[in-house]
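Reading through the structure tokens given below for one structure.
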Amino acid sequence: MDTMPASQKTILLPIADGFEEMEFIAIADILRRANIEVIIAGIEGKRPYKGAHDIEIIAPKSIALSAQEISTLDGIALAGGYEGMQNLKKSQKVLTLLQTLHLHSKLISAICASPIVLDSAGVLFGDFTCYPGCEQNLTGTYKQASVVRHDNLITASGPATAQLFALEIVQYLLGQDIAKSIGDALLMPLQTEPIILR
């Protein structure tokens with residue numbers, strides 16, 4: 001695939017033990033194909049993190065970002081996995097980052113069980129989706145859909161929708177043409193109308 005022009009967009013991708021590997025990798029891989037800088041940051045510092053299916057990924061950075069680093073972020077993406085979600089939810093640094101980014105109208109995105117983390121941070125609003133059953137007692141209006149975008153909030157339902165979720169993040173940050181070109185190269189054309197609710 002041809003290299004995309006530099007986008008100068010940056011997304012924070014926190015990692016915690018118990019993360020859903022399929023979702024995490026799809027997010028990191030597809031965003032990097034679009035030349036979006038993906039900062040993989042461990043909630044407990046720089047170390048290996050074990051996923052829900054015993055696949056380990058090393059976090060090269062800590063979630064304890066400086067104010068300058070936070071100011072350069074264009075948004076945040078949370079992978080799911082129930083244990084991973086619980087660990088993200090327990091991290092005050094993650095909750096504070098979500099609140100700060102939301103305050104500045106940056107992209108807030110989460111898949112699978114992780115909209116629960118958004119709700120805990122007070123940044124879940126409007127239409128959203130998540131893994132079925134995780135919507136109980138959450139703020140906002142649950143939609144049974146693969147991917148839902150509402151203003152600067154993007155949510156998705158689960159592992160099989162991870163690539164669509166990542167492509168919607170690309171579309172949000174860089175436009176439909178780039179998202180479609182990546183989807184086409186993956187032999188998975190972007191299908192915005194059936195899955196995106198606005």
Side-chain angles (χ1 to χ4, degrees), residues 4-17 19-20 23-47 49 57-81 84-85 87-126 128 130 140 147-156 162-176 178-179 182:
M4 298 287 176
S7 68
Q8 300 183 4
K9 299 291 185 184
T10 304
I11 290 291
L12 180 67
L13 182 56
I15 188 169
D17 287 322
F19 67 95
E20 171 53 62
E23 295 166 357
F24 191 91
I25 291 297
I27 295 165
D29 180 284
I30 288 175
L31 297 192
R32 286 181 174 174
R33 286 173 192 257
N35 283 333
I36 294 169
E37 182 181 1
V38 178
I39 298 174
I40 296 173
I43 66 166
E44 295 175 351
K46 298 185 278 187
R47 67 166 177 83
Y49 288 82
I57 292 179
I58 297 172
K61 198 165 185 65
S62 168
I63 198 74
L65 303 178
S66 69
Q68 173 61 30
E69 288 172 315
I70 293 169
S71 72
T72 66
L73 295 175
D74 294 286
I76 188 169
L78 303 183
M85 175 276 293
N87 288 326
L88 291 172
K89 183 180 169 185
K90 286 186 236 177
S91 169
Q92 187 57 51
K93 288 186 176 70
V94 170
L95 299 181
T96 300
L97 275 166
L98 286 165
Q99 292 160 354
T100 300
L101 293 170
H102 179 64
L103 184 65
H104 292 91
S105 300
K106 300 297 182 72
L107 174 66
I108 306 292
S109 59
I111 185 171
C112 196
S114 283
I116 293 173
V117 184
L118 306 189
D119 189 67
S120 293
V123 301
L124 186 66
F125 61 96
F128 75 95
C130 61
V147 180
V148 173
R149 183 165 123 193
H150 185 101
D151 295 335
N152 65 319
L153 177 70
I154 298 173
T155 52
Q163 290 178 316
L164 294 172
F165 174 63
L167 285 172
E168 183 60 21
I169 294 172
V170 173
Q171 179 171 304
Y172 179 90
L173 293 173
L174 301 177
Q176 185 168 351
I178 291 177
I182 292 171

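We count residues from 1, following the sequence as given.
Side-chain atoms of Ile108 and Ile76, non-hydrogen and from C-beta on, do get closer than 4.5 Å to each other. Ile15 is listed as a side-chain neighbour of Tyr49, based on a closest heavy-atom distance under 4.5 Å. Side-chain atoms of Leu31 and Val170, non-hydrogen and from C-beta on, do get closer than 4.5 Å to each other. With a 4.5 Å cut-off on side-chain heavy atoms, Val147 and Thr155 do not count as touching. Looking at Val123 and Leu95, their side chains never come closer than 4.5 Å, going by heavy atoms from C-beta outward.
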Test log, rule side-chain contact (heavy atoms from CB on, under 4.5 Å), inputs Cys130 and Ile116: CA-CA 9 Å; Cys130 61; Ile116 293 173; over 6 Å; no
Audit row: Phe19, Met85, side-chain contact (heavy atoms from CB on, under 4.5 Å) steps and yes/no: CA-CA 7 Å; Phe19 67 95; Met85 175 276 293; over 6 Å; no
Working for side-chain contact (heavy atoms from CB on, under 4.5 Å), residues Leu78 and Ile111: CA-CA 6 Å; Leu78 303 183; Ile111 185 171; over 6 Å; no
Worked verdict on Leu73 versus Leu65 for side-chain contact (heavy atoms from CB on, under 4.5 Å): CA-CA 10 Å; Leu73 295 175; Leu65 303 178; 4.1 Å; yes
Working for side chain to side chain donor-acceptor pair (under 3.5 Å), residues Thr96 and Gln92: CA-CA 6 Å; Thr96 300; Gln92 187 57 51; 3.2 Å; yes
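Using a cut-off of 4.0 Å between Lys/Arg side-chain N and Asp/Glu carboxylate O, Glu37 and Lys9 are scored as not salt-bridged. By the 4.0 Å N-to-carboxylate-O rule, Lys61 lies close enough to Glu69 to be salt-bridged with it. One finds no salt bridge joining Asp119 and Lys89 here, because no Lys/Arg side-chain nitrogen approaches an Asp/Glu carboxylate oxygen to under 4.0 Å.
Counting only distance, with no hydrogens or angles, the side chain of Asp74 and the backbone of Ile11 share no donor-acceptor pair below 3.5 Å. Asn87 contributes a side-chain N or O that, together with a main-chain N or O of Asp17, makes up a donor-acceptor pair within less than 3.5 Å. In this structure, Ser109 contributes its side chain and Leu153 its backbone to no donor-acceptor pair below 3.5 Å. Looking at Tyr172, its side chain never comes within 3.5 Å of a backbone N or O of Leu167 through a donor-acceptor pair. Glu23 places no side-chain N or O within donor-acceptor distance of the main-chain N or O of Ala79, the cut-off being under 3.5 Å.
When all heavy atoms of Leu124 and Pro115 are compared, the pair lying nearest together is CD2-O, 3.9 Å. The minimum heavy-atom distance between Phe165 and Ala110, with the atom names listed, is CZ-N, 3.5 Å. Nearest heavy-atom pair, Leu88 versus Val94, reported as atom, atom and distance to 0.1 Å: O-CB, 3.7 Å. Closest of all the heavy-atom pairs between Ser105 and Asn152 is C-ND2, 3.8 Å. Nearest heavy-atom pair across Ser114 and Gly80 is OG-CA, 3.6 Å. Nearest heavy-atom pair, Gly81 versus Cys112, reported as atom, atom and distance to 0.1 Å: N-SG, 4.1 Å.
Here the CG-CZ distance, from Asp29 to Arg33, works out to 4.0 Å after rounding to the nearest 0.5 Å. Interatomic distance, Lys90 NZ to Glu44 CD, rounded to the nearest 0.5 Å: 9.0 Å. The structure places CG of Asp151 at 11.5 Å from CG of Leu107, a figure rounded to the nearest 0.5 Å. Between Lys46 atom NZ and Ile63 atom CD1 the span is 13.5 Å, to the nearest 0.5 Å. Residue Leu101 holds its CG atom at 10.5 Å from OG of Ser71, rounded to the nearest 0.5 Å. The line from CD1 of Ile154 to CG of Leu164 is 12.0 Å long, rounded to the nearest 0.5 Å.
The residue from Ile30, Leu13, Ile27 that alone fulfils the side chain to side chain contact (heavy atoms under 4.5 Å, CB included) condition with Val38 is Leu13.
Taking the six-membered ring where the residue is Trp, the centroids of His150 and Phe128 are separated by 6.0 Å or more.
Shown here is Lys93, whose NZ atom has no more than 12 heavy atoms of other residues, nucleotides or ligands within 6.0 Å.
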